S.K.: 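I am attaching a structure below and will ask some questions about it afterwards.
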Amino acid sequence: MATKDKKPAAKKAATTTKVTRIKASEVAVAPKKKKEVKKAEPAAKTGNADETGIRNPFGPIGRYFKGAWYELKQVRWPNRKATWGLTLAVIAFTAFFVVLILLLDALFKYIFQLILG
């Protein structure tokens, strides 16, 4: 009988990551750390009015773009291969439905010509 040579078992890394799934009912409340108490500072002005009382219209616009940039940094962007795959999928589905609609249009045209004359 021929015996197969077994490959040596791959050794696991010394440190393995343990994943623990937690349900909402199992969540334990972590002890809160004491916050450092800071001395009271003069209250900052809220809103976008300067000393003359005129509102700055660029404040909200700037905050909007800052928030939009923050959200864009959090996006997980696809790599080149995934982008091409999704692009080709969109083109294939579009071509399929164009052909389907053209065939249905030709079928209905033929049926109406039979009925009307």
Side-chain angles (χ1 to χ4, degrees):
M1 269 197 262
T3 59
K4 293 183 180 178
D5 292 329
K6 292 185 179 181
K7 293 183 181 178
K11 294 183 180 179
K12 291 186 178 181
T15 58
T16 59
T17 304
K18 182 179 178 183
V19 177
T20 305
R21 300 199 185 254
I22 301 173
K23 294 182 182 178
S25 61
E26 298 175 355
V27 175
V29 178
K32 294 183 180 180
K33 295 181 180 178
K34 290 185 178 181
K35 294 181 181 179
E36 293 181 16
V37 179
K38 294 183 179 180
K39 293 182 180 179
E41 296 179 11
K45 292 183 181 180
T46 58
N48 293 327
D50 59 4
E51 293 175 3
T52 60
I54 300 172
R55 293 188 65 121
N56 182 3
F58 298 111
I61 295 171
R63 284 192 303 275
Y64 171 78
F65 284 110
K66 185 177 181 180
W69 185 254
Y70 176 75
E71 292 294 329
L72 283 173
K73 288 194 298 186
Q74 291 181 346
V75 173
R76 182 179 166 261
W77 297 100
N79 58 14
R80 184 178 299 268
K81 184 178 179 181
T83 303
W84 276 110
L86 293 172
T87 302
L88 294 176
V90 168
I91 292 170
F93 279 107
T94 304
F96 171 76
F97 284 107
V98 164
V99 169
L100 179 68
I101 290 172
L102 288 174
L103 289 175
L104 287 174
D105 184 48
L107 175 69
F108 288 132
K109 180 180 176 183
Y110 176 73
I111 291 172
F112 280 117
Q113 284 189 354
L114 282 177
I115 294 172
L116 298 176

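Everything quoted here is computed from the prediction, not taken from an experiment.
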S.K.: Asn79: what forms a side-chain contact (heavy atoms from CB on, under 4.5 Å) with it, not counting sequence neighbours?
M.R.: Lys81, Ala82
S.K.: Would a single hydrophobic cluster contain both Tyr64 and Val75, if residues Ile, Leu, Val, Met, Phe, Trp and Tyr are joined by side-chain heavy-atom contacts under 4.5 Å?
M.R.: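 Different hydrophobic clusters.
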S.K.: To the closest 0.5 Å, what do you measure between CD1 (Ile115) and CZ (Phe108)?
M.R.: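 With rounding to 0.5 Å, CD1 (Ile115) is 10.5 Å from CZ (Phe108).
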S.K.: State which residues pass side-chain contact (heavy atoms from CB on, under 4.5 Å) with Val99; sequence neighbours excluded, sorted by chain then number.
M.R.: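 So Val99 forms a side-chain contact (heavy atoms from CB on, under 4.5 Å) with Leu103.
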S.K.: What's in the same ILVMFWY side-chain cluster as Tyr110, cut-off under 4.5 Å, chained through other members?
M.R.: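 Tyr110 shares its hydrophobic cluster with Leu114.
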S.K.: Membership question, hydrophobic clusters at under 4.5 Å side-chain separation (ILVMFWY): are Phe112 and Leu104 in the same one?
M.R.: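 Yes, it is one cluster - the side chains of Leu104 and Phe112 are joined through contacts under 4.5 Å.
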S.K.: Quick one: pull up CG in Asp105 and CD1 in Ile101 and give me the separation to the nearest 0.5 Å.
M.R.: 9.5 Å
S.K.: Would you compute the distance between atom CD1 of Ile61 and atom CG of Asn56 and round it to the nearest 0.5 angstrom?
M.R.: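 Atom-to-atom, Ile61:CD1 and Asn56:CG are 8.5 Å apart.
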